[in-house]
Number of protein chains: 2
Amino acid sequence: MPETMKRGEKAGNSAGKKAAPRKGDIPPTKERILDAAERLFVRYGYKGVSMRLLTRESKVNLGAVHYHFGGMESVLRALFEKHIVPLNQERHELLDKCLAEEADTYTSVRNLIEAYIRPSLRYPASSKPPKSLFARLQAQLSVDPSPEVRRVIDRGYDEIGTRFARMLRAHCPHLADHEFFWRLNCLYGTMFYTQADTGRTQKIAELMGVEFDQTDRADDITLIAGFLASGFLAPAVDTSTSPAATAKSQSGKSSSGKSSSGNAKGK
Amino acid sequence: MPETMKRGEKAGNSAGKKAAPRKGDIPPTKERILDAAERLFVRYGYKGVSMRLLTRESKVNLGAVHYHFGGMESVLRALFEKHIVPLNQERHELLDKCLAEEADTYTSVRNLIEAYIRPSLRYPASSKPPKSLFARLQAQLSVDPSPEVRRVIDRGYDEIGTRFARMLRAHCPHLADHEFFWRLNCLYGTMFYTQADTGRTQKIAELMGVEFDQTDRADDITLIAGFLASGFLAPAVDTSTSPAATAKSQSGKSSSGKSSSGNAKGK
DNA sequence: AATTGTTTCAAACGTTTGTTGTAATTTTTG
DNA sequence: CAAAAATTACAACAAACGTTTGAAACAATT
């Protein structure tokens with residue numbers, strides 16, 4: 001099933017002459033769809049939103065979605081890229097800053113992690129006027145198994161994710177590859193789950209009779225980054241591989257460490 | 001709006017005389033539905049599975065689902081509880097063991113965390129014969145926003161989650177409530193994301209030219225638990241609240257300087 | 001003013017969905 | 001073995017679904 005673009009192609013702003021202006025200056029139609037999609041995706045899940053519900057909520061005609069996009073999947077992709085591009089740009093800038101300044105190892109790692117997770121975590125979805133519903137949507141998509149969603153995720157995160165991982169790897173020479181990537185996996189989970197903002201932790205806190213306010217993230221991101229930094233800098237648990245070795249824990253061919261370099265080598 | 005049980009009620013095995021035996025000894029019908037549901041939910045997501053797809057896959061009649069359950073939501077609930085009950089029982093037993101044995105703080109915390117996360121993480125969904133598809137399903141549900149799913153999650157995790165949080169809290173007197181629960185939130189994220197088994201981390205490793213095998217979890221759980229334990233035992237980042245205080249960090253003044261801690265310094 | 005290209009609208013198409021009623025079948029009970 | 005209960009099979013329904021079409025409404029250019 002190769003993706004058919006059908007007539008959505010012509011709205012793909014490929015070589016369009018000029019953008020579509022509106023009569024008044026109040027409602028641009030195409031973005032009305034994306035705004036409604038963002039709200040509905042977060043509320044009902046990507047698969048839980050039908051085109052009819054979407055057009056009803058965004059107050060556009062049923063055919064408009066097919067005209068401007070071409071299908072539900074394209075709506076998702078457009079919405080995702082609309083947010084992920086500036087988000088990743090901010091990540092890059094923050095990572096650049098980390099390259100500039102010098103500090104002790106812990107602070108460096110913490111700042112590095114903070115640079116990566118802050119853009120997505122800055123505005124919690126549970127705030128009173130939900131500032132970034134997209135963060136929650138992203139968290140849902142991050143565990144979605146369907147290939148179309150995975151492709152969207154991959155395309156949005158491969159580049160920035162690799163750069164971040166490389167920079168972080170340089171600060172973790174005490175870890176074998178296997179353990180480093182497991183810890184990186186933990187970092188991803190922490191970030192996405194925090195974005196998801198499910199309220200589970202808050203529920204647990206309530207059951208324990210403790211008040212726990214998650215709505216103000218400004219300083220809390222530092223706490224999370226600190227937690228993760230301590231985890232990364234902790235001594236290796238895995239003792240079956242020498243710290244400098246690149247092989248995984250399973251016994252095997254790697255009789256001698258092939259590279260003692262602290263950071264990951266390119267292919 | 002109120003959940004209607006309709007005729008599914010009579011199959012609710014409330015005070016059933018005896019289970020329904022089958023002619024031969026090969027296929028029990030009711031479980032065939034649950035088995036297929038498990039496979040399909042994981043593959044297409046909960047919302048992505050229609051009754052007709054479910055009945056087609058499980059090779060039962062279309063009406064059978066309504067007869068034995070009463071709707072899709074009840075299928076999900078039945079499937080969830082079928083797995084979560086023995087899983088949580090194992091968690092309880094492992095936590096009991098932690099109460100018995102004595103060790104240094106780090107080892108205690110790591111064992112505690114390991115006891116909580118191991119049951120769900122033991123069998124990765126990406127193994128060759130997928131041992132526990134349920135783990136992946138659980139991860140998807142953990143970020144699902146719909147109220148019906150949240151109710152299922154809450155009911156399955158409130159009790160064990162509270163017990164675990166209490167036990168872990170006792171080992172973290174150096175943390176204020178606010179910071180403790182943030183770190184607990186990180187733990188949840190790590191657990192669920194690892195369960196989700198999205199392959200993202202593996203993808204990043206590939207892009208960096210490193211082989212990363214996630215399929216053998218037997219020892220790797222200890223690595224994850226070690227990571228998390230180090231995070232929990234790390235000194236508090238938030239210095240605006242005294243370690244023993246229960247107030248959250250909201251108080252405005254930072255006059256005393258949040259940089260007092262030796263390793264944690266603000267930007 | 002006429003023309004052109006883009007956007008919006010209303011209506012309809014054919015499918016698929018969840019659900020239900022009823023008959024056929026099997027299993028258990030008396 | 002017959003009656004009763006439980007389960008399965010089949011057909012049908014209204015509602016909702018994605019998609020398509022053609023005409024009307026619009027902005028800008030000629």
Side-chain angles (χ1 to χ4, degrees), chain A residues 1 3-34 36-37 40 44-76 148, chain B residues 1 3-34 36-37 40 44-76 148:
Chain A
M1 285 271 189
E3 300 181 29
T4 60
M5 270 300 181
K6 285 167 184 174
R7 60 157 81 193
E9 191 81 42
K10 67 168 126 175
N13 78 342
S14 55
K17 312 297 188 62
K18 53 202 69 177
R22 279 292 287 171
K23 49 166 80 173
D25 51 345
I26 315 118
T29 305
K30 190 171 177 179
E31 305 198 5
R32 206 130 40 93
I33 297 176
L34 288 178
L40 294 175
Y44 303 108
Y46 166 55
K47 290 259 180 65
V49 179
S50 65
M51 312 210 68
R52 295 184 125 92
L53 175 62
L54 175 59
T55 54
R56 205 180 312 140
E57 177 80 6
S58 58
K59 248 102 97 180
V60 302
N61 192 266
L62 185 54
V65 176
H66 284 92
Y67 177 77
H68 285 287
F69 299 92
M72 204 86 248
E73 182 181 339
S74 297
V75 174
L76 175 68
E148 76 235 34
Chain B
M1 239 204 290
E3 298 181 30
T4 59
M5 273 298 181
K6 286 166 184 173
R7 58 157 84 193
E9 190 81 42
K10 66 170 130 175
N13 78 339
S14 54
K17 315 300 186 61
K18 54 200 69 176
R22 284 291 288 170
K23 48 169 80 174
D25 50 345
I26 315 117
T29 304
K30 192 171 176 180
E31 305 198 6
R32 207 131 39 95
I33 298 177
L34 288 178
L40 295 175
Y44 303 108
Y46 166 56
K47 290 261 180 64
V49 178
S50 65
M51 311 210 67
R52 294 181 126 94
L53 174 61
L54 176 59
T55 54
R56 204 180 312 139
E57 178 79 7
S58 58
K59 246 103 96 181
V60 303
N61 194 264
L62 182 55
V65 176
H66 284 92
Y67 178 79
H68 284 286
F69 299 91
M72 204 86 246
E73 183 181 339
S74 296
V75 174
L76 176 68
E148 76 235 33

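Below, chain A is the first sequence line, B the second, and so on; all start at residue 1.
Put simply, CD on A:Glu148 and OG on A:Ser74 are 10.5 Å apart, with the number rounded to the nearest 0.5 Å. Between the CG atom of B:Leu34 and the OG1 atom of B:Thr29 there is a distance of 11.5 Å, given to the nearest 0.5 Å.
Proximity of a side-chain donor or acceptor of B:Arg52 to a complementary backbone N or O of B:Leu62 within less than 3.5 Å is not detected.
Two residues, A:Gly63 and A:Ser50, neighbour DNA chain D, and the one matched to the more 5' nucleotide by heavy-atom proximity is A:Ser50. Toward the 5' end of DNA chain D, the nearer of the two residues A:Leu62 and B:Leu62, judged by each one's closest nucleotide, is B:Leu62.
Whole-Å rounding puts the A:Glu73 CD to D:dT19 P distance at 11 Å. Nucleotide D:dC17 holds its P atom 11 Å from the CE atom of A:Met72, rounded to whole Å. Across the protein-nucleic acid pair, A:Tyr67 atom OH and D:dC26 atom C1' stand 12 Å apart, rounded to whole Å. For the pair B:Arg52 CZ and D:dA9 P, the computed distance is 15 Å after rounding to whole Å. Rounded to an integer number of Å, the gap from CG of B:Leu53 to P of C:dT15 is 19 Å. Summarising the geometry, the separation between CD on A:Glu31 and P on C:dT8 is reported as 12 Å, rounded to the nearest angstrom. Here the P atom of nucleotide D:dT19 and the CG atom of A:Asn61 are 15 Å apart, to the nearest Å. We find that NE2 of B:His66 is positioned 16 Å from P of D:dA9, with the value rounded to whole Å.
Both tests hold for A:Lys30 against A:Phe69: distance to the six-membered ring centre under 6.0 Å, angle to the ring axis within 45°.
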